[in-house]
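Both ligands and their constituent atoms are indexed starting at 1 by order of listing.
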Amino acid sequence: MSSVLSEPLVNLPPQAADRGTRIVKGACPHDCPDTCALRITVEDGKVVKVQGQPEHPSTHGALCTKVSRYPERTYHAERVLHPLKRVSAKHEPPRFERIGWDQAIAEIAGRLSAIAARDPQAILPYSYAGTMGMLQGEAMAGRFFNRLGASCLDRTICASAGGAGLAATYGHKVGMHLPHFAESKLIVIWGSNSIASNLHFWTFANQAKRNGAKLVCIDPRKTETADKCHQHLALLPGTDGALALGLMHELIANDWLDHDYLFRYVDGWDELRSRAQAWTPERTAAECGITADEVRGLARDYGTLAPAAIRLNYGMQRVRGGGNAVRLIALLPCLTGAWRQRAGGLLLSSSGWFAPFKNPALERPDLRAGRPSRTINMSTIGDDLLRDSSAAFGPKVEALIVYNSNPVAVAPESPKVVAGFERGDLLTVVLEHFMTDTADLADYVLPATTQLEHLDIHTSYGHTDVLVNEPAIAPVGEARPNTEIFRDLAAAMGFDEPAFHDDDEALLRQAFRDDVDLAELRGRGWFKLPLAEAPFAEGGFPSPSGKADARGADYVPNYESRTSDPALAARYPLAMISPPARNHLNSTFVNVKSLRDIEGEQVLEMSAGDAAARGLADGQLVRVFNDRGSYACRLDVSARAREGVVHGLGIWWRKLGADGRNVNEVTHQRLTDLGRAPCFYDCLVEVSAG
Ligand SMILES: Nc1nc2c(c(=O)[nH]1)N[C@H]1C(S)=C(S)[C@@H](COP(=O)(O)OP(=O)(O)OC[C@H]3O[C@@H](n4cnc5c(=O)[nH]c(N)nc54)[C@H](O)[C@@H]3O)O[C@H]1N2
Ligand SMILES: Nc1nc2c(c(=O)[nH]1)N[C@H]1C(S)=C(S)[C@@H](COP(=O)(O)OP(=O)(O)OC[C@H]3O[C@@H](n4cnc5c(=O)[nH]c(N)nc54)[C@H](O)[C@@H]3O)O[C@H]1N2
Ligand SMILES: [Mo]
């Protein structure tokens, strides 16, 4: 075995006769705020180890359990290694035959061309963040669908309520810089299980804790993060906006306000102040299902400890009022002037910091050439696949091209999603690594490369570095990068614009404007954006007025709760949330055995009181149900659950569930107040013996 080769060789393409040991610079592709820099060890053409880059500041040499198992996923015995064509009917158990790439591309291009000749808007792309890479995400796919004139997809399934709330308040998705949390004196971890889903933030929070900071966790579930905080407020799901108003009430009553900051840098303060004055600690406590003393205590900490930082995360915006809740919480640091210090303020997403550096033409919207672009919301795919053509809706969806997503498992209200995917007249093409629930319902499955096999470039929504991912190995089997598959389809459909001849190296060069130094990026593995330390110390928000906007922000209660719909709550008294399981990444990794073994099986956490009231025992099989559907899982009677709230930890592949279903069987497709996002955690259910 030869020794580890030094830096300059990292950019060499993987060779077929790849001998010796190489270290390759990579980036974690997953939908997670951490976007870690990877150090990939390749021996004789095979990846033997994936580690965190020790030199990358936030990765700091450490990876989560999931991604350190990346080789197990890439070399998994069940990887899809060649194109597959369906030979069974959609409603029958899936059977596929192996076909060659030429046949697959020719047949798919032929069928898409025939549909496009009638109306290209009957074709819909469906993708999310299976990889967050800019190239294997939308760079070439966007060009293809723009040139085709296909329907557009509104990518709302995760973060668009919070994103819209943040943008309505600050003008963009911007916030504190990650490392500065280490210097805070109070950190409020709000709607986030950081230890499970934002581990590299937790490192900084822990540093602050060791330096004497107080940590408070606001989460209906007593998570592993709550265990490690000084205080945990277990509010009812969807009541965060009320809590924010209750805190404002106390900040006003005790004059813990930065009047100068409010006067200079906030629009609509008078209106917000009068709204907040109606939210006494008692009223707030009643709405949130906590005590008035908890409201007062948190307000005192927030008003008197400095610098005070809030780590908001997307867990709290998956409810009807998610957008307004984010607006109200994002205004808290404007009331106290916490923004004046770099270790004060708030972070929900840092993704807006990248916007001025990106090339807006990468996906070539000009190729649409003025043709109409009907937009379909990915969160209502269940309803939309079942719709006929109409003047309001436009053409019926006849073809669906799915990549970087597993909608049959992750989209709300699965009974409708499955019925849509089972339509005999729907052409479904799925680009995948594995036979997911969605691939099982495809007409064609095309094998895609994993992050170890392709080039990519990454931004982040939790830090502010650009990362490169160099290919470490040649594609496994006949897998091709998404970019190549869309180039092949474009060629077969006769799209001959130069944009379709750009290879991945060319795409990488086009991803950013000139102010990102590609030599530095590829030499070191990452590029740090040049940004101000305390971005809003003197206002300067990226909003039209430069001020934070408080106008119209108000509490919006859930669709489904005991106060907003008492009749429904009488039949389905339990509020169900379905947050991520620590060892899965959405529905990714569920099929990696070592990780699935840690999670065991699909469980529902319930408090001892709620279990006793239903005569249910720990470990038994139960049925979770409402008017939309039901699924079976194992009951975990747990101190992590408060009374009245149950947790269906997600997101399992349906086919690995006890009865072939998962949590989304009971979630609904109604949308949030802002951002047209799903309300996964705004959901009432009942539970009985299975
Ligand atoms: N291990 C792991 N990491 C992940 C993921 C994963 O599946 N597994 N998913 C990734 C993705 S896609 C995302 S979007 C990110 C961020 O994803 P987030 O959704 O922020 O993930 P969590 O940190 O689990 O935060 C959810 C937390 O919010 C809590 N919560 C639920 N409802 C409410 C509510 O109404 N109010 C409040 N205050 N809290 C509530 C849940 O109990 C849970 O602990 O995480 C990413 N990281
Ligand atoms: N009930 C409930 N439902 C939820 C959530 C919840 O908390 N509760 N969370 C929601 C959230 S926050 C999100 S972000 C969504 C996530 O939904 P999705 O974005 O669909 O995420 P995954 O389920 O991880 O599926 C991603 C798929 O992309 C594939 N993939 C990865 N890399 C590549 C690649 O390079 N090429 C191709 N072709 N495929 C690739 C993976 O194999 C995987 O099957 O789910 C949402 N659904
Ligand atoms: Mo997400």
Side-chain angles (χ1 to χ4, degrees), residues 29-34 64-66 73 126-133 136-137 155 157-159 162 189-199 217-226 233-240 243 312-319 321-322 325 329 378-379 402-412 430-434 436-439 446-451 453-454 456 461-462 479 481-482 485 558 575-591 640 645 647-651 653 662-664 666-667 678 680-683:
H30 290 296
D31 187 351
C32 167
D34 294 15
C64 65
T65 318
K66 304 179 290 301
R73 186 173 185 278
Y126 196 101
S127 68
Y128 202 63
T131 168
M132 306 258 320
Q136 306 309 328
R155 293 185 172 82
I157 202 152
C158 168
I189 300 177
W190 199 323
S192 172
N193 183 6
S194 313
I195 293 179
S197 64
N198 190 189
L199 188 63
C217 177
I218 303 179
D219 194 314
R221 179 172 185 249
K222 188 170 186 301
T223 60
E224 43 274 66
T225 307
L233 263 65
L235 81 183
L236 290 167
T239 61
D240 302 86
L243 179 57
L312 194 58
N313 217 326
Y314 287 113
M316 47 68 64
Q317 46 96 66
R318 301 197 167 102
V319 292
I329 296 165
M378 70 188 303
S379 302
V402 182
Y403 50 103
N404 305 338
S405 185
N406 183 13
V408 174
V410 307
V430 177
L431 285 59
E432 250 302 347
H433 302 148
F434 293 104
T436 59
D437 293 323
T438 307
L446 302 177
T449 45
T450 70
Q451 189 76 343
E453 301 150 67
H454 55 227
D456 221 324
Y461 61 101
N482 292 344
I485 298 174
N558 277 2
M576 189 188 84
I577 57 173
S578 44
R582 183 169 183 175
N583 293 289
H584 300 156
L585 196 297
N586 301 323
S587 80
T588 302
F589 293 105
V590 180
N591 63 323
R640 298 209 177 280
V645 183
H647 318 137
L649 299 186
I651 310 172
W653 282 11
N662 74 11
V663 288
N664 280 317
V666 292
T667 54
F680 290 113
Y681 304 169
D682 177 343
C683 176

Numbering the atoms of ligand 1 from 1, which are under 4.0 Å from a heavy atom of Ala196? 1 (N), 2 (C), 3 (N)
N/O donor-acceptor pair under 3.5 Å between Asp682 side chain and Gly238 backbone: no
Within-shell test, Asp240 vs ligand 1, heavy atom, strictly < 4.0 Å: yes
Contact atoms of ligand 1, heavy-atom distance to Arg221 under 4.0 Å: 42 (O)
What I want to know is whether Thr239 and ligand 1 share at least one N or O pair that is separated by under 3.5 angstrom. no
N/O donor-acceptor pair under 3.5 Å between Asp456 side chain and Gln136 backbone: yes
Within a strict 4.5 Å, meaning less than it, do heavy atoms of the Cys217 and Lys222 side chains meet? no
Which of the atoms of ligand 1 are close to Tyr461, meaning less than 4.0 Å from one of its heavy atoms? 11 (C), 13 (C), 14 (S), 15 (C)
Side-chain donor-acceptor contact under 3.5 Å, Thr225 with Asn193: yes
Taking only heavy atoms of Trp190 into account, list the atoms of ligand 1 that are under 4.0 Å away from them. 38 (N)
Hey, are Tyr461 and Asp31 close enough side-chain-wise for a donor-acceptor pair under 3.5 Å? yes
What atoms in ligand 1 come closer than 4.0 Å to a heavy atom of Met316? 34 (C), 36 (N), 37 (C), 38 (N)
For ligand 1, find out whether one of its N or O atoms is nearer than 3.5 Å to an N or O atom of Ser194. no
Near ligand 2, which protein residues have a heavy atom under 4.0 Å away? Asp31, Arg73, Tyr128, Ala129, Gly130, Thr131, Ile157, Cys158, Arg318, Asn404, Ser405, Asn406, Val410, Leu431, Glu432, His433, Thr436, Ala448, Thr449, His454, Asn482, Ser578, Leu585, Asn586, Ser587, Thr588, Ile651, Val663, Asn664, Phe680, Tyr681
Heavy atoms only: give me the nearest Gly648-Met576 pair and the separation to one decimal. N-CG, 4.3 Å
Within this structure, what is the CG-CG distance for the pair Leu233 and Asp240, rounded to the nearest 0.5 Å? 10.5 Å
Is the closest N or O pair between Ile218 and ligand 1 shorter than 3.5 Å? yes
Heavy-atom donor-acceptor pair, Glu224 side chain to Ser194 backbone, under 3.5 Å: no
Going by the atom numbers of ligand 1, which of them fall below 4.0 Å from some non-hydrogen atom of Gly238? 34 (C), 35 (O)
Using a 4.0 Å cut-off to any heavy atom of Thr223, which atoms of ligand 1 qualify? 44 (O)
Is the closest heavy atom of His647 to ligand 1 under 4.0 Å? no
Has Leu235 got any heavy atom lying under 4.0 angstrom from an atom of ligand 1? yes
Taking every non-hydrogen atom, the tightest pair across Ala575 and Pro237: CB-CG, 4.1 Å
Decide yes or no on side-chain contact (heavy atoms from CB on, under 4.5 Å) for Asp34 and Leu199, but give the supporting numbers first. CA-CA 7 Å; Asp34 294 15; Leu199 188 63; 4.0 Å; yes
Would you kindly say whether Trp653 and Asn591 are connected by a side-chain donor-acceptor distance under 3.5 Å? no
Could you report the tightest heavy-atom contact between Ile157 and Phe680, atom names first, then the distance? O-CE1, 3.5 Å
Who pairs with Val430 by side-chain contact (heavy atoms from CB on, under 4.5 Å), at least two apart in sequence or on another chain? Val402, Thr428, Glu432, Thr438, Ala439, Ala442
Hey, which atoms in ligand 1 end up nearer than 4.0 Å to a heavy atom of Pro237? 35 (O)
